[in-house]
Amino acid sequence: MMNSLQSFSKLFGRSNGVILGMVHVQALPGTPRHCMPMPDIIKKACQEAAGYQSAGVDGIMLENMHDIPYLHSHAMGPEVTAAMTAIASQVRRICPTIPCGMQVLTAQKEALAVAMATGLDFIRAEGFVFSHIGDEGLINSCAGELLRYRRNIGAENIKIFTDIKKKHSSHAITADVSIEETAEAAEFFGSDGVIVTGTATGQPAKVEDLQDVQGAVNIPVLIGSGVNTDNVDRYLGASALIVGSHFKHGGQWLNDVDFGKVDDFMTKVNTFRQSGNSVSR
């Protein structure tokens, strides 16, 4: 049986420096900013996914980022899960081989259900261990329920990458728990990989946090914010780099993808790869 690091490498074809491009799905039906018909939302997501694939990223992740303000999963209507399923199924149809993931903000079971139904490979989950205060309010640990749900729906092939000390959140209630201890708890509770971020979307993670977490666990460690062309060399030793804001016009997550920036970024990454300067764990 493969361990988490081996399984990660098998999925992405490399053990470190995997580049994941973000598709920030337009605001979905029922949310305050919704204004685009579903066929157009699907078309835009598919165009971005296809563009990322052509640019040579290693994977794609879909997220309902425009559904501001976000809700706890118990208050979220079924239309969001249905819409994300429709979008993901079409993205998977045009990108049948590249690894694809899903995040439904604060709704881990829903993300897992969408991934299972559409043949995706992983999800990003927040609040996996311990608790924190996010924009939506108190977010509690979901590991026990989520892994049981994954077993019950037969989705154990889908990896769950989990935020630790998540961005846009207060961690005062766990101030006595270090990021390394949080990562160790996530590993103990069955995470397939932990995600280290800065304090907010687009803000770089501390390199020291990456190194400390890598020294504490034997599962993949991903970077979840703030990677750009100028600092990418500092993070290529991580298992993966999730890149969203930097790939957008003006470096703002709510704008359209600038595929010229994606091409420049991947050119730099590939130069490092060819020179052997990316660090393996």
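Predicted model only: the values in this text are computed from it and were never measured. Throughout, numbering of the chain's residues begins at 1 and tracks the sequence.
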query = Does Leu5 offer a backbone N or O that forms a donor-acceptor pair with the side chain of Ser9 under 3.5 Å?
reply = no
remark   = Rounded to the nearest 0.5 Å, the OH atom of Tyr70 sits from the CG atom of Leu105 at a distance of 5.5 Å
ask   = Applying the 4.5 Å side-chain criterion to the ILVMFWY set and letting contacts propagate, would Ile242 and Val18 be lumped into a single cluster?
value = yes
request  = Give the intermediate values and the outcome of salt bridge (Lys or Arg N to Asp or Glu O under 4.0 Å) for residues Glu156 and Arg150.
outcome  = CA-CA 6 Å; Glu156 290 182 292; Arg150 182 171 68 172; 5.4 Å; no
query = Does some side-chain heavy atom of Asn3 sit less than 4.5 Å from a side-chain heavy atom of Gln6?
reply = yes
message = Over 60° means perpendicular and under 30° means parallel, so tell me whether His66 and His24 are parallel, tilted or perpendicular.
response = perpendicular
task = Verify salt bridge (Lys or Arg N to Asp or Glu O under 4.0 Å) between Asp135 and Lys166, making sure each step is shown before the conclusion.
result = CA-CA 11 Å; Asp135 310 79; Lys166 184 185 176 293; 5.4 Å; no
message = Using a 3.5 Å distance criterion without hydrogens, assess whether the side chain of Asp192 forms a donor-acceptor pair with backbone atoms of Ile219.
response = no
query = Between Thr162 and Ser191, does any side-chain donor sit less than 3.5 Å from a side-chain acceptor?
reply = yes
inquiry  = Among Ile123, Leu120, Asp121, exactly one meets side-chain contact (heavy atoms from CB on, under 4.5 Å) together with Ile158. Which residue is that?
reply    = Ile123
His72 and His74 aromatic ring geometry - parallel, tilted or perpendicular at 30°/60° bounds = parallel
remark   = Distance col, row Glu48:CD vs Lys248:NZ, nearest 0.5 angstrom, shows 6.0 Å
query = Counting only heavy atoms not in Glu145, do more than 12 fall under 6.0 Å of its CD?
reply = no
message = For the CG atom of Asp233 and the CZ atom of Phe272, what is their distance to the nearest 0.5 Å?
response = 4.0 Å
ask   = Is there any ring-ring contact (aromatic ring centres under 6.0 Å, His included) pair reaching into residues 169-221, and which pairs are they, with sequence neighbours excluded?
value = His132-His171
message = Under the rule for ring pair (Phe, Tyr, Trp, His ring centres under 6.0 Å), what residues qualify as partners of Phe265, not counting sequence neighbours?
response = His246, Phe247
ask   = Any luck finding a side-chain donor-acceptor pair between Ser239 and Asn16 under 3.5 Å?
value = no
ask   = Would a 4.5 Å heavy-atom cut-off, applied to side chains only, mark Leu20 and Phe122 as touching?
value = yes
key: Donor on one side chain, acceptor on other, Ser178 and Lys165, under 3.5 Å   = no
Residue list, side chain to side chain donor-acceptor pair (under 3.5 Å) with Gln203, at least two apart or on another chain = none
query = Under a 4.5 Å cut-off applied to non-hydrogen side-chain atoms, are Ile195 and Ile164 in contact?
reply = no
